Amino acid sequence: MAEIRLENIYKVYDKENEAVKAFNLHIKDKEFIVFVGPSGCGKSTTLRMIAGLEDITRGKLFIDDQLMNDVEPKNRDIAMVFQNYALYPHMTVFENMAFGLKLAKVPKQEIERRVNEAAAILGLQPYLKRKPKALSGGQRQRVALGRAIVRKAKVFLMDEPLSNLDAKLRVQMRAEIQKLHQNINTTTIYVTHDQTEAMTMATRIVVMKDGVIQQIGTPEEVYANP
Ligand code: ADP
Ligand code: ADP
C-alpha cells in the first residue's frame with residue numbers, strides 16, 4: 001500500500017531557476033501516474049525529489065502519511081529505473097539484479113529466489129550469466145527493470161525508461177511495463193515526453209510546463225482537451 005502526497009512543493013536550484021513551483025498532487029495506491037511535458041519543465045526534478053536524490057526546497061512530501069522530506073533515499077522503499085539503464089558492465093545479469101539486495105544484506109537464498117522470480121517475469125532466465133554488453137537494448141532495459149523489481153519496493157519511479165530503444169521495442173516494452181505494473185502491484189510514477197506512452201499506460205496524466213502543473217486528468221480527459 002503506498003499513497004503519495006505532494007503538498008505545495010518547490011525546487012529552487014538557484015534564485016534564477018525555480019524548477020518546480022507549487023506542485024500539489026495526491027497519488028492513490030497502485031496508480032500509474034505519468035508526468036508529461038517538454039524538456040526542462042521539471043519532471044525529473046520532481047521524480048528525484050520523491051526518490052530523495054534531490055532536496056525539497058519548500059513543501060511537504062508524504063508517503064502513507066509519513067513525512068519523507070528528511071528521510072534518506074535508502075529508507076524510502078522506492079525503486080527507480082533510469083533512462084540510461086546504468087548497469088554495471090563487469091557484472092553478469094544475475095549480479096546486476098542481486099547487487100542492491102546484497103548491499104541491503106538480504107540473505108543469499110532470498111536473493112536467488114527474488115532474482116529468479118524477476119528473471120521469469122521478464123524472460124531473462126537464459127541470460128543470467130551474460131554481461132550487459134552481450135545483450136540487446138531491450139534485454140538491457142529488462143535487466144534495469146529486474147533490478148528494480150527485486151527490491152519489492154512499494155513505489156516504482158521510472159524516468160524515460162524507453163527513450164533509448166527503437167520504436168518497435170518501445171511498443172513491446174510499453175506493454176510489458178503495463179503488465180508488470182499489474183503483477184507487482186506498486187504505485188508507479190513514469191516520466192516521458194511521449195504522448196502515446198502517456199495515453200496507453202497512465203491511470204492519470206500530470207501535464208507540466210515551466211515547473212507548474214497545467215492539468216491533471218485521465219488520458220481521455222487530458223487528450224480530449226489539450
Ligand atoms: P525535465 O525532466 O522536465 O526535462 P528537469 O527537472 O530536468 O526537467 O529540469 C527542470 C529545470 O531545472 C530546467 O530548467 C533545468 O535546467 C534545471 N535543472 C535541472 N537539474 C539541475 C541542477 N542540478 N542544477 C541546476 N538546475 C537544474
Ligand atoms: P537488437 O537487434 O535488439 O539490438 P542485438 O543485435 O544486439 O539486438 O542482439 C540480438 C541477439 O543476440 C540478442 O538476443 C542478444 O542477446 C544476442 N547477442 C548480442 N550480442 C551478443 C554477444 N556478444 N554474445 C552473445 N549474444 C549476443
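All values derive from a computational prediction rather than experimental measurement. One-based numbering, in listed order, for ligands and for the atoms of each. Computed over heavy atoms, backbone and side chain alike; hydrogens, waters and symmetry mates excluded.
- Ring geometry for His181 against Phe32 counts as perpendicular: the plane angle is over 60°, on a 0 to 90° scale with 30° as the lower cut.
- A salt bridge links Arg204 with Glu31: the distance from a Lys NZ or Arg NE/NH1/NH2 to an Asp or Glu carboxylate oxygen falls below 4.0 Å.
- Between Glu72 and Arg76, no side-chain nitrogen of the basic residue sits less than 4.0 Å from a carboxylate oxygen of the acidic one, so the salt-bridge criterion is not met.
- Between the side chains of Thr192 and Glu197, at least one donor N or O lies within less than 3.5 Å of an accepting N or O.
- Ionic pairing of Lys152 and Glu117 is present here: one or more N-O contacts between side-chain nitrogen and carboxylate oxygen are shorter than 4.0 angstrom.
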Anything under 3.5 Å between an N or O on ligand 1 and a protein N or O? List each pair with its distance, or write none.
unit_1, atom_1, unit_2, atom_2, d
ligand 1, 2 (O), Ser44, N, 2.8
ligand 1, 2 (O), Ser44, OG, 3.0
ligand 1, 3 (O), Cys41, N, 3.1
ligand 1, 3 (O), Gly42, N, 3.0
ligand 1, 3 (O), Lys43, N, 3.0
ligand 1, 3 (O), Lys43, NZ, 2.9
ligand 1, 4 (O), Gly40, N, 2.7
ligand 1, 6 (O), Thr45, N, 2.9
ligand 1, 6 (O), Thr45, OG1, 2.6
ligand 1, 8 (O), Gly42, N, 3.1
ligand 1, 20 (N), Tyr13, OH, 3.3
ligand 1, 26 (N), Asn17, ND2, 3.2

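- For an aromatic pair to be called close, the ring centres must be under 6.0 Å apart, and Phe99 with Tyr88 satisfies this.
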